[in-house]
Amino acid sequence: MSAVVSHIREPLVNGGKTYHQITEDLCSPTERTPTASWVIAFLVAVTGLALYVFCVAWTIWEGIGSWDLNRTIGWSWDITNFVWWVGIGHAGTLISAILLLFRQRWRTGVNRAAEAMTIFAVICAGQFPLIHMGRLWLAMFIFPYPNTRGPLWVNFNSPLLWDVFAISTYFTVSLLFWYTGLVPDFATVRDRAKGLRRKVYNFLSFGWTGSAKHWQRWESLSLVLAGLATPLVLSVHTIVSFDFATSVIPGWHTTIFPPYFVAGAIFSGFAMVLTLMIMTRKVLKLEDYITIGHIESMNKVILLTGTIVGVAYLTELFIAWYSGYIYEQFAFYNRVLGPYWWSYVGMMSCNVLSPQLFWSKKMRRSIFVTFFMSIFINIGMWFERFVIIATTLARDYLPSSWSYYVPTWVEIGLFIGSLGLFFTLYLLFVRVAPVVAVAEIKSILKVAGDQYAGENAKKANAHADHH
Amino acid sequence: MSATHKEVLFGLYDDEEVLIKAVKQAKEDHLEIMDVYTPFPVHGLDPVLGLAESRLHIAGFIYGAIGTLTAFLFMSWVFTRDWPIIFGGKPYWSVPAFIPITFELTVLFASIGMVVSFYTVCGMAPGKTIPTLDDRITDDKFCIAFETNDASESHLDKLRSFFSASGASEVNTKVI
């Protein structure tokens, strides 16, 4: 085991931890009474959630007329929010699945929280198409079940239906993956607890014992689920992009959409992971587990995907001009210089220009810069979806139906409220489960803990060489 | 459960490398290990312990194949037999359009099937209580357990001397 210790790589676990200290550091946040900062954050989040519930109820009661959608602009903030949240939901599976397959050990510090974030983001995303249906009580029509209308089946050739399958599969698989990873850690919390708390965690841990055979199966399961989740995560945003790309709307009907959407999803997801991690490590004092090295690694992914997205924006413009097709050319002229020019500027500056700061190592390792950058990117990626959806629809083939869209208070409330829903779920999660995967951190301690692989170890080795 | 009470003699180790050496020693001494419990997956333990490779991934492949067939055959049946409809002038049996849903259901069936199989073969379920030997096994102790229901005094002595020779930090008994 000691053969794979690298003295060159930065340690992933600082502070000379023992196995017991890891358990103590990671489980104790669930055992302490909540701190004042947690209570304040929770109250704010729950207020947002209340706003969300109110606006959803209002939408269902009043109908979609309470939004500013019109015959020209049939999709706007609702679908923008949907795509934005689904995109955010991509980072968790990317970190936990793709980085597992690539054997990137730094994922262990952040995978648990990122997977939780994925699940909560998909919960937020899934609601927007449902409430957009207007008649929510008929939502089960989207599933192919034997019914008394023929049976009349759904249209399996429609990208909107593919989306139903993609999002629900993605949610289910992410949930199973996340929970299976949590089971051994729930057992750790169970074995530290007494009384009712022990009973609750005993229920949640499914009777985990830590038997060697169970660990072997658990690893096999994790690896295969990671292998399945990798093409899945790419397929989900590809299918989301098909919602647009298979239409005949100029500005949507482009073959670049799938890779462009997937890169954008990873980009926005990592930004949200950073926003959450920077706050979580500070509040729960996890700086030894979520290190500057972790933040730097994520910033590198952000720089790469942000640049891919930038190349995609420019390719779109070039291909629109090169196609010689006037409707396509107009759509992109309108996107950049039309009535919504300000959202295009917001998108370009937040997504493409500002991440270029991360070419500098100093910037990548600055928590302050990273935190603000992550917020910028979240905003920029929201603008990107708004640019694609609303500005494209606002100027269609018929100048007589051109229109402009301004959100109503209900739509604004739904968006802000969905952030409340997301943060409420996340804050509950950090109280209930260890935010960093306890067992997985222990398993990398000897190859990536600073007492084995860091400065101390280097000194010890140098010392040993003298003798 | 009362019929399956087991007397267990177990030793706790502080480090996984000591544990692996101890397991090797136990195998050489022909001691029959009931189970080994660890706080995290210890790599290199399975071959020493003589565990066969898990067949869970084979089950996963079968579940996935069932998902593929279910999705593809169902959509084909609906659009060619049960209720054929022309969409956009394309053939009834428009195979490329079936690929996304076929893929999604393959992944869904494989994942759900494997997770259910995993908990079933491990004997785990929501709310199930399986007695554990020591609370520190999920924290920082590595445990080798021997079943000692009908063990003679000389065999127990042999096990105890094995534990002290192999570096166990604690040796305890428990009935589970």
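In what follows, chains carry the letters A, B, and so on, assigned in the order in which the sequence lines appear, proteins first and then strands, with residues in each chain numbered from 1. Side chains included, hydrogens not; waters and symmetry mates left out as well; all remaining heavy atoms used. Given the structure is predicted, the values throughout are model-derived calculations rather than measurements.
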Review point. Parallel under 30°, tilted from 30 to 60°, perpendicular over 60°: which one fits the rings of A:F156 and B:F74?
Key: perpendicular

**Study point:** Residue B:D35 versus chain A: region with a heavy atom under 4.5 Å
**Key:** side chain

Revision key, fill the gap. Here the pair of heavy atoms bringing B:F103 nearest to A:P231 is CZ-CB, 3.6 Å

Point to revise | Under 4.5 Å from any heavy atom of chain A - which part of B:L133 | key: neither

Check your understanding: Quick one: are B:M114 and A:V224 in side-chain contact, heavy atoms under 4.5 Å?
Key -> yes

Practice item. For A:A212 and B:L45, work out which heavy atoms get closest and say how close. Key: CB-CD2, 4.0 Å

**Study point:** B:D135 bridged to A:K194 by N-O distance under 4.0 Å
**Key:** no

Check your understanding: Between B:T38 and chain A, which part of the residue has a heavy atom less than 4.5 Å away: side chain, backbone, both or neither?
Key -> both

Review point. Which of these passes side chain to side chain contact (heavy atoms under 4.5 Å, CB included) with B:D46: A:E219, A:Q216, A:K213?
Key: A:Q216

Check your understanding: Can you check whether B:S111 reaches A:L225 side chain to side chain, under 4.5 Å on heavy atoms?
Key -> yes

Exercise for review: Would you indicate whether the side-chain heavy atoms of A:L221 and B:S54 approach each other to under 4.5 Å?
Suggested key: no

Practice item. Measure up the A:W208 and B:F118 rings against each other and bin them: parallel (under 30°), tilted (30 to 60°), perpendicular (over 60°). Key: tilted

